[in-house]
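Down below is the structure, laid out as structure tokens.
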Amino acid sequence: MAIPFEELTTVFSFDDFVFRIGELSKMTGVSPRQLRYWEQRGYIKSLDRTDDKRARSYNYAAYVSVKIIKHYLDDGYTLEGAVSQMRSAIKYLTAVRQFIRHSVTSVDFEDGGAVIDLGVFDGDQQKHLYAHTRGTDINYEIR
DNA sequence: ATTCTCACA
DNA sequence: TGTGAGGA
């Protein structure tokens, strides 16, 4: 029984994850003071604050950005350098994510491994490219 | 209990 | 960037 990948992506939305500054701080090891400062500098952004919500809130995208900045910061980069690395990393991640979103149409399982449908392969759009994965080993098949 | 802004012995 | 004040 193949799982329709698109349904999973609509049901499982990362945007449903929203954190406040204290939570994001614990999740990333970055102090609330730093988070506010980074936002002031335009490095990260919090969700729009409506009249009733005076406190900042962050989505998953913000979490990823902070996590990446923190990574390079710990690696010895300056804040500006870490932010630069974060921006390019986000570009790569976005490109890969988009590719996967549009290429993976379904996933099935056969004898312990996954069979991932990578969509139409030929110009006539009659055949699909399948990736058979077991662990880190990947074999391709046109069917 | 948390978060916010502002100022800085 | 940290910290404390004074509010909400």
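Values reported hereafter were calculated over all heavy atoms of this structure, with side chains retained and with hydrogens, waters and symmetry mates removed. Lettering follows sequence order; numbering is per chain, from 1. Predicted model only: the values in this text are computed from it and were never measured.
A distance of 7.5 Å separates CD in A:Glu39 from CD1 in A:Ile21, rounded to the nearest 0.5 Å.
Consecutive Watson-Crick or G-U pairing (both distances under 3.5 Å) extending over three or more pairs maps onto DNA chain C as B:4-8 with C:2-6.
Between the CG atom of A:Leu79 and the P atom of C:dG2 there is a distance of 11 Å, given to the nearest Å. Atoms CG (A:Leu47) and P (B:dC4) sit 13 Å apart, rounded to a whole Å. The CD-P distance, from A:Gln40 to B:dT5, rounds to 10 Å in whole Å. Taking atom OH of A:Tyr37 as the reference point, atom P of B:dC6 lies 16 Å away to the nearest angstrom.
In this structure, A:Ser31 reaches the C:dG2 phosphate: one of its side-chain N or O atoms is under 4.0 Å from OP1 or OP2. Contact between the side-chain N/O atoms of A:Arg36 and the OP1/OP2 oxygens of B:dT2 is not found at any separation under 4.0 Å.
Toward the 5' end of DNA chain B, the nearer of the two residues A:Arg33 and A:Ser57, judged by each one's closest nucleotide, is A:Ser57.
When distances are taken from the side chain of A:Arg56 to each of B:dT3, B:dT5, C:dT1, the shortest belongs to B:dT5. Of the candidates B:dT5, C:dG2, B:dT3, B:dT5 carries the atom nearest the A:Arg49 side chain, counting heavy atoms from C-beta on.
A donor atom on one side chain and an acceptor atom on the other are not found under 3.5 Å apart for A:Tyr37 and A:Arg33.
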